[in-house]
2 protein chains.
Amino acid sequence: MARRGDTIELAVLGLLHEGPMHGYELRKRLNLMLGWGRVLSYGSLYPALKKMLRANLITEVAATTTPTSRRPRITYEVTEAGNEHFQRLMSEVGPTAWEDDNFDIRFAFFSSTDMEIRLRVLEGRRSRLQERLARVQGELERTQAEVNRYAAELQRHGVESVEREVRWLSDLIRAERGDESRTPAPGAPTGSD
Amino acid sequence: MARRGDTIELAVLGLLHEGPMHGYELRKRLNLMLGWGRVLSYGSLYPALKKMLRANLITEVAATTTPTSRRPRITYEVTEAGNEHFQRLMSEVGPTAWEDDNFDIRFAFFSSTDMEIRLRVLEGRRSRLQERLARVQGELERTQAEVNRYAAELQRHGVESVEREVRWLSDLIRAERGDESRTPAPGAPTGSD
DNA sequence: GTTAGCATGTAAGGAGTTACATGATTTT
DNA sequence: AAAATCATGTAACTCCTTACATGCTAAC
């Protein structure tokens, strides 16, 4: 039922989906991927890996050593069950999926899902942001408004950022829709911006 | 020493600085202020208020009742000690101050600090973001690059957003600097953007 | 040879959420 | 009269961070 903290699990499964990897490397990739903000610590990654091993979602692929006989590193690989679990988590489109972190992770692994899921996640995220915009703008009319210039400026900047993200999502949705078979790459220019 | 979790404390002191308020209202204002993401729950607000009462940072201003004799609400007020603590927290310019949440809170209450502090916080935040940009862009050259179009698009969008925030900060810094006595409001147009 | 980065882990603790519990007041 | 929203709280739990512990390997 995709609880809040399945984020690491999803991320690990997604990365291992691209090929076997050891813990240290997983952490680096993850931090690069979501590095805009919180940084994942060993204290949460390694226990999570252990837990996933016990749950049979991943297996140790024997300790590998690079050419020059380094310290053996424990390389992990997804199992069948792990892949199924990954697919299930990715398909579970619900409130948790639109939250910042969860959305980012899901988006990063979009290549491993169907367009149908992609569209639902993108659209869900977009309406979530639009709701927030509406709520904040409505509330701004009732409250303060003029008092505290800095707080107001922060709000203004926040609204602008969210509006930008909404446009970004709209472009992506449009790209997905017009993608039936042409595949013009998600980063391709689409007119706006 | 401004630990991570002093965020609520700082926020509460900052809001009460503008006038007495009761818990429920504090929560609403806080969520509106930082509402772009996590929402503060009663389970963290009320215990925090209790803790601040014990620490003598705030006092109960007797239960107020509105005209129509409503259920009494416990209204809080900052104490002398509370104001001192607030000023000290705001002046503590250090790594914790540039983190997303902490920065936002500090920025929102900039009116209650000196320009010197404001500049240090703005500049600190800016260099932090620039470091992140440099690190990510450097790392992007070594890793993947072409594999996984969606992950790449997420990175691109992330970089763009951070670059925007850097420009925003630069505008604010410029405004502060040229503010010696003219005070052109932080949201005033400054050329870029 | 010593610093920096690679590599894996554990234990304790912090901060905050969820769920529970209660009840008044306003709106529909 | 019911539903929504105001209003205050507590207890259990979760996730994660910090700090500790260990040792290898590459570069300077």
Side-chain angles (χ1 to χ4, degrees), chain A residues 1-12 20-31 34 37-54 58 60 62-76 95-96 99-102 105 135 139 142, chain B residues 1-12 21-31 34 37-54 58 60 62-76 95-96 99-102 105 135 138-139 142:
Chain A
M1 202 188 283
R3 269 148 49 266
R4 269 189 82 237
D6 289 339
T7 317
I8 296 182
E9 209 167 282
L10 185 58
V12 168
M21 235 176 271
H22 57 274
Y24 194 84
E25 203 183 340
L26 276 167
R27 193 190 105 121
K28 281 215 318 187
R29 294 285 307 270
L30 245 37
N31 284 340
L34 313 176
R38 203 117 323 281
V39 173
L40 185 70
S41 64
Y42 301 120
S44 38
L45 176 61
Y46 286 115
L49 287 172
K50 285 280 163 75
K51 198 184 137 213
M52 291 172 74
L53 268 177
R54 282 198 301 276
I58 56 177
E60 295 186 8
T64 31
T65 43
T66 29
T68 41
S69 176
R70 258 182 180 161
R71 178 201 184 149
R73 301 162 308 172
I74 303 165
T75 303
Y76 297 98
T96 46
E99 264 169 60
D100 298 321
D101 279 356
N102 288 302
I105 278 289
R135 187 171 52 76
E139 222 133 347
R142 275 197 294 286
Chain B
M1 201 189 284
R3 271 149 44 267
R4 272 188 80 237
D6 289 339
T7 316
I8 296 183
E9 209 166 280
L10 185 59
V12 168
M21 233 176 271
H22 58 274
Y24 195 85
E25 202 183 339
L26 277 167
R27 192 189 104 122
K28 280 215 319 187
R29 294 284 307 271
L30 245 37
N31 285 339
L34 313 176
R38 204 119 321 284
V39 173
L40 186 69
S41 64
Y42 302 119
S44 39
L45 176 61
Y46 287 115
L49 287 173
K50 285 279 163 75
K51 200 184 137 214
M52 290 171 76
L53 268 178
R54 282 198 302 276
I58 56 177
E60 294 186 8
T64 32
T65 44
T66 30
T68 39
S69 174
R70 256 183 184 160
R71 177 203 183 142
R73 301 161 307 171
I74 303 165
T75 302
Y76 297 98
T96 44
E99 262 168 61
D100 298 321
D101 278 357
N102 288 302
I105 277 289
R135 187 171 51 75
E139 222 133 347
R142 274 197 292 287

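In the text below, chain A, chain B and the rest are named by the order of the sequence lines, each starting its count at 1. This one's a predicted model, so the numbers in the text were calculated from it and none came from an experiment.
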Is [X] near enough to [N] that one of its side-chain N or O atoms lies under 4.0 angstrom from OP1 or OP2?
| X | N | answer |
| --- | --- | --- |
| B:Tyr24 | D:dC6 | yes |
| A:Ser44 | D:dC16 | no |
| A:Tyr46 | C:dT8 | yes |

First of A:Gly43 and B:Glu25 reached from the 5' end of DNA chain D, by closest nucleotide
B:Glu25
d([atom1], [X]; [atom2], [N]) in whole Å:
| X | N | atom1 | atom2 | result |
| --- | --- | --- | --- | --- |
| B:Glu99 | D:dT18 | CD | P | 8 Å |
| A:His22 | C:dA7 | NE2 | P | 4 Å |
| A:Leu45 | D:dC15 | CG | P | 15 Å |
| B:Arg27 | D:dG9 | CZ | P | 15 Å |
| B:Leu49 | C:dG16 | CG | P | 13 Å |
| A:Tyr42 | C:dA7 | OH | C1' | 7 Å |
| A:Lys51 | D:dC16 | NZ | P | 9 Å |
| B:Arg73 | D:dT5 | CZ | C1' | 13 Å |

Determine to 10° how strongly the helix from C:dG1-D:dC28 to C:dT28-D:dA1 is bent, judged from the axes of its five-pair ends.
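The angle separating the two end axes equals 40°.
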With sequence neighbours excluded, tell me which residues meet ring-ring contact (aromatic ring centres under 6.0 Å, His included) with A:Tyr24.
none
Can you measure from [atom1] ([X]) to [atom2] ([Y]) and round to the nearest 0.5 angstrom?
| X | Y | atom1 | atom2 | result |
| --- | --- | --- | --- | --- |
| A:Tyr46 | A:Arg27 | OH | CZ | 8.5 Å |
| B:His22 | B:Lys28 | NE2 | NZ | 8.0 Å |
| B:Asn31 | B:Leu45 | CG | CG | 9.0 Å |
| B:Ile58 | B:Met52 | CD1 | CE | 5.0 Å |
| A:Glu9 | A:Leu49 | CD | CG | 10.5 Å |

Not counting sequence neighbours, which residues clear side chain to side chain contact (heavy atoms under 4.5 Å, CB included) with B:Leu30? List them please.
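Applying side chain to side chain contact (heavy atoms under 4.5 Å, CB included) to B:Leu30 gives B:Ala11, B:Leu15, B:Leu40.
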What nucleotide among C:dT17, C:dG9, C:dG16 has an atom nearest to a side-chain atom of A:Lys50?
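Nearest nucleotide to the side chain: C:dG9.
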